[in-house]
**Student:** 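The structure under discussion is supplied below as structure tokens; questions concerning it will follow.
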Number of protein chains: 2
Amino acid sequence: MRFSLGLDFGTESVRALLVDLDSGEEVGEESFQYPHGVLDETLPCDEATPLGPDWFLQDPRDYLEGLARVVPGALQEAGARGTDVVGIGLDFTACTVMPTDRQGTPLCCKEEFSADPQAWVKLWKHHGAAPEALRIQTVAEERGEKFMDHYAHAISSEWLLPKALEIRHRSPAVYEAAHTIVEGADWVPWQLTGRLARNACCAGFKALYLSHLGGYPSREFLEAVEEGFGDFYEEKVTGPIVPAGRAVGGLGAGWAERLALAPGTPLSAGMIDAHMGVLGVGITQAGRMALVLGTSFCQLMLGEELRLCEGPLGVVRDGIVSGYYAYEAGQSAGGDIYAWFVENCVPARYEERARRQGVSVHDVLSAEAEKLAPGQSGLLALDWWNGNRSILMDAELSGLLVGATLNTKPQEIYRALVEATAFGTRRILQAYRDGGIEVRELVGCGGLPEKNPFVMQVFADVCNMPIRLAGTSQAMALGAAMCGAAAAGRERGGFDSIHEAARRIAKPLKKTYEPDPEHAALYDELYRQYVDLHDHFGRRERLMHRLREIRASSQRPPAGDR
Amino acid sequence: MRFSLGLDFGTESVRALLVDLDSGEEVGEESFQYPHGVLDETLPCDEATPLGPDWFLQDPRDYLEGLARVVPGALQEAGARGTDVVGIGLDFTACTVMPTDRQGTPLCCKEEFSADPQAWVKLWKHHGAAPEALRIQTVAEERGEKFMDHYAHAISSEWLLPKALEIRHRSPAVYEAAHTIVEGADWVPWQLTGRLARNACCAGFKALYLSHLGGYPSREFLEAVEEGFGDFYEEKVTGPIVPAGRAVGGLGAGWAERLALAPGTPLSAGMIDAHMGVLGVGITQAGRMALVLGTSFCQLMLGEELRLCEGPLGVVRDGIVSGYYAYEAGQSAGGDIYAWFVENCVPARYEERARRQGVSVHDVLSAEAEKLAPGQSGLLALDWWNGNRSILMDAELSGLLVGATLNTKPQEIYRALVEATAFGTRRILQAYRDGGIEVRELVGCGGLPEKNPFVMQVFADVCNMPIRLAGTSQAMALGAAMCGAAAAGRERGGFDSIHEAARRIAKPLKKTYEPDPEHAALYDELYRQYVDLHDHFGRRERLMHRLREIRASSQRPPAGDR
């Protein structure tokens with residue numbers, strides 16, 4: 001018996017998937033909700049002090065607690081011995097970063113910094129660093145930095161540099177005390193193996209590391225951004241760059257015992273969760289797009305050539321599979337918007353019906369929304385509840401709904417929100433094509449596609465393309481297991497390469513959603529209206545920015561600013 | 001003992017108020033919810049056939065059933081004898097109209113028409129006649145009809161002519177069978193006295209009757225609108241014009257017995273409910289504006305001179321008080337929007353909290369919304385859930401919300417909706433002033449002010465003016481009682497005139513909401529953004545209209561069109 005263990009650290013929970021490397025079967029699975037979830041109102045230790053708006057933090061102890069729960073759980077479900085696990089791979093939300101001391105202890109776990117929000121994990125969708133992102137972008141464009149071509153000439157406030165600079169501005173003491181600032185995707189392997197490396201995927205897509213341009217941005221550039229910031233990468237982002245599918249090191253004795261695994265088990269470098277989905281659905285070549293649909297959405301492609309186009313917000317050679325350019329575009333909120341709606345905007349009678357029928361509120365809304373034709377609600381929305389990450393690259397944008405009447409029903413708004421996210425995806429598809437990147441097929445994966453046939457059908461209708469579904473509901477964890485098997489190598493019971501691992505254990509695609517031609521025609525027209533609205537509020541009109549300015553001036557300063 | 005009885009027919013219920021004419025005290029009161037409420041999905045007799053979007057119908061039997069309940073109820077509460085009631089007055093929502101036969105029986109009550117939506121009462125907010133309104137407006141403008149100056153050059157689809165033409169188009173048989181088409185405000189007195197008259201207020205504000213221009217629009221105009229429609233007024237809108245405060249006739253024997261009142265008791269001509277609020281708060285001269293805040297909002301003024309300005313959608317000499325021009329502007333949805341939100345967008349936890357605290361969901365939302373500073377939510381809305389009735393005069397406009405994020409909470413949306421309605425009111429105030437009509441004081445009345453101190457404070461802050469509250473929570477019913485007393489006349493125990501009635505029984509104003517200067521300054525800026533958005537979607541951009549066209553083309557035809 002030989003197994004690989006895939007670990008998928010998502011926004012709300014972590015999941016372990018045990019894969020039998022001989023049969024390719026998923027034999028054990030366990031997941032664990034983070035006890036502290038997403039911190040968006042206060043810190044657990046200080047419930048009186050509100051966090052800033054659009055701040056999203058996490059508690060890193062949740063990751064380790066989860067690990068200790070899901071690994072034994074998956075082994076137990078499979079009836080497998082931990083010593084038969086030959087390799088471990090992982091993916092993580094990104095850019096999800098934290099400052100730590102030399103030993104890797106997060107500063108938020110230390111008494112002296114525990115009340116400072118800047119010492120905590122900043123989740124990928126934390127948007128506190130907008131001014132920093134703007135500063136970095138402005139300086140990079142002024143200096144004509146070459147790397148900007150690869151990021152659609154925009155720096156997202158979600159990335160490493162803005163988040164690091166935010167720490168430096170809001171809490172110089174935390175910045176000073178930080179030995180390093182590290183992605184969750186690298187912190188977990190560091191904890192498990194004692195070795196700190198930077199995975200090539202996060203480095204490329206979130207930290208501006210481009211191998212064919214000589215690595216990270218220059219010290220001169222950083223110094224131009226801010227005096228004294230020039231040494232940032234040298235001082236705070238140490239460690240070698242390692243691609244996923246290559247081992248960072250072997251499992252340390254303490255963790256081996258705690259998890260009942262063999263000491264020395266190779267641990268692959270991590271990867272961004274969405275990107276891991278590409279491997280998980282078996283994409284290892286150009287032409288097929290992975291539509292990773294979860295809390296946020298990603299549209300990922302592999303390409304043989306470098307094309308610098310409008311849509312993708314990152315182009316990184318070797319970012320997912322060595323020898324290929326990895327293209328990433330994305331929407332900063334997707335399933336998150338639907339979840340926001342269910343949490344905040346759905347009256348009791350829908351909850352009661354869900355309870356009575358033993359289904360989710362999403363199911364009740366979907367069943368009602370499905371009865372409507374495109375455009376029948378008269379509603380149109382812009383999917384910017386968490387800003388816009390591709391095309392406009394503007395975290396200050398916000399959600400909009402138009403067309404409401406006194407007859408508007410919750411299922412109509414729900415449908416409009418689903419359609420808006422689909423229009424956002426179609427706008428990105430269009431950008432890929434305008435940039436000369438052929439998209440022959442869409443493969444849906446992530447948390448949503450399995451659970452939401454209604455959502456998938458809307459996407460197929462809006463994009464007017466068939467969407468195939470991943471053969472696994474755990475594409476990311478399966479991709480991580482592939483990386484674990486590749487990191488082990490053939491000699492230790494794994495595989496020679498990530499390509500071989502994909503051939504051997506990726507699942508055939510199942511179920512296809514075919515577009516309805518009548519719906520597709522109606523959506524063509526609605527999409528034109530969406531693009532007009534998109535360009536009006538995204539490119540011409542500053543209203544959304546003005547509302548944020550007014551908001552900032554009207555409320556109390558967030559915790560940590562005083 | 002001598003009493004006057006005021007009847008207030010609202011959108012959801014009817015109320016009776018008994019006033020002691022010696023003391024001025026409100027001594028008895030009873031209200032009754034219409035059993036069929038507002039019909040917006042199906043007819044009661046045919047629950048399988050959906051009504052059109054934005055259709056709002058009522059069952060006229062509800063009005064009479066209500067009458068038979070509230071009159072005895074109010075008498076009983078007061079311990080008064082029905083024979084001591086010297087006069088009766090009433091107000092009604094408008095333009096709320098129905099086709100009837102010669103005896104006044106509504107066609108929807110007749111077997112052969114009961115399944116036809118066109119035979120039912122069209123509630124004021126019914127918006128099925130948009131194409132008809134546009135046609136009438138276009139022809140009137142082309143012909144340079146003088147009356148258009150008095151209606152801001154726009155014909156609302158809520159008014160009599162479009163609604164009548166809608167019947168003619170959608171159901172020629174109903175139109176043909178209709179002996180008359182009559183306002184609820186005139187149908188109730190007709191039922192009670194056997195005499196059909198048209199009250200001057202509805203005639204002027206809803207049916208284009210302008211005494212100083214010679215009455216109703218000409219036959220030539222109507223024929224230009226549509227061949228064969230020229231006789232509409234002569235054939236279907238018969239009966240003398242009678243101002244409120246003058247008797248239509250005396251109570252018939254049957255109804256007198258049923259209501260335990262004296263036969264022959266004088267019944268005043270009716271008035272539009274909102275307009276009755278002007279009398280009810282004691283306004284009988286220029287300078288003070290009545291802010292009538294209920295399901296929809298009205299801003300009403302009396303003026304000594306004729307001013308034709310942008311805002312007001314009606315200027316009618318003698319429309320409320322003889323000798324004065326009555327100015328009306330309005331928002332087609334107000335409290336309706338807040339109610340829509342509570343009904344459709346508020347999660348169970350708010351309902352539970354309301355239940356626990358023994359308050360309404362509005363109260364829970366208001367308490368939370370009150371903690372926010374203006375602009376703090378980052379949200380801005382356009383209050384067009386039921387179109388725009390003043391300034392833009394466009395029923396095709398729809399509601400818009402911008403600024404939503406994943407942190408947006410229900411109370412923030414609630415506050416944004418309240419603010420949007422207040423911005424709409426401020427835009428109307430501005431139009432009055434731009435037109436040279438001085439507004440020295442705001443007097444709040446209607447259903448909302450008593451129940452919603454939070455809403456009133458937002459209005460005071462947004463308008464940056466103190467708002468005084470009516471001394472009665474039943475301004476409309478009290479105004480109706482004044483009219484009843486005036487209709488009775490001094491000889492029958494009433495008063496000489498509406499002026500005397502107001503002096504004797506109107507209540508002194510109570511409680512004043514003072515604007516908070518800090519909030520007012522923040523709202524100045526938000527109001528500027530509101531006006532930009534208002535003008536963008538209301539004057540320049542056709543998106544809202546396009547969405548309605550797409551909606552119309554994507555759904556099944558409404559009941560009655562097949």
**Student:** Can you tell me which of A:Met544, A:Glu525, A:Glu351 forms the most heavy-atom pairs within a distance under 4.5 Å of chain B?
**Tutor:**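 Top count of heavy-atom pairs under 4.5 Å with chain B: A:Glu525.
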**Student:** Between A:Ala333, A:Ala339, A:Gly378, who has the most heavy-atom pairs with chain B when the cutoff is under 4.5 Å?
**Tutor:** A:Gly378
**Student:** Taking B:Thr408, B:Leu526, B:Asp40, B:Ile413 one by one, which has the highest count of heavy-atom pairs under 4.5 Å against chain A?
**Tutor:** B:Thr408
**Student:** So, A:Asp516 versus A:Tyr523: side-chain donor-acceptor pair below 3.5 Å or not?
**Tutor:**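 Not at all, the side chains of A:Asp516 and A:Tyr523 share no donor-acceptor pair under 3.5 Å.
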**Student:** Which of the residues A:Glu41, A:Arg548, A:Gln529 is involved in the greatest number of heavy-atom pairs with chain B at under 4.5 angstrom?
**Tutor:** A:Gln529
**Student:** Around atom CD of A:Gln357, are there more than 12 heavy atoms of other residues, nucleotides or ligands at under 6.0 Å?
**Tutor:** yes
**Student:** Any chance the side chains of B:Tyr530 and B:Glu419 put a donor and an acceptor closer than 3.5 Å?
**Tutor:** no
**Student:** If we count only N and O atoms by modelled type, under 3.5 Å, do the side chains of A:Asp363 and A:Ser366 hold a donor and an acceptor together?
**Tutor:**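 Side-chain D/A pair, A:Asp363 to A:Ser366: absent.
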**Student:** Quick check: do A:Arg546 and B:Arg528 have side-chain heavy atoms less than 4.5 Å from each other?
**Tutor:**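 Not touching, per the 4.5 Å side-chain cut-off.
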**Student:** Let's test your reading of the structure: which of A:Asn407, A:Leu547, A:Leu406 forms the most heavy-atom pairs below 4.5 Å with chain B?
**Tutor:**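 Looking at each of A:Asn407, A:Leu547, A:Leu406 in turn, A:Leu406 comes out on top.
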**Student:** Output the option from B:Asp54, B:Leu397, B:Leu522 having the highest count of non-hydrogen pairs under 4.5 Å with chain A.
**Tutor:** B:Asp54
**Student:** Using a cut-off of under 4.5 Å on heavy-atom pairs, state which of A:Glu541, A:Glu352, A:His127, A:Glu343 scores highest against chain B.
**Tutor:** A:Glu343
**Student:** Within 45° of the axis and under 6.0 Å from the centre of the six-membered ring of B:Tyr527, does NZ or CZ of B:Arg426 qualify?
**Tutor:**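 Judged by the rule, B:Arg426 and B:Tyr527 form a cation-pi pair.
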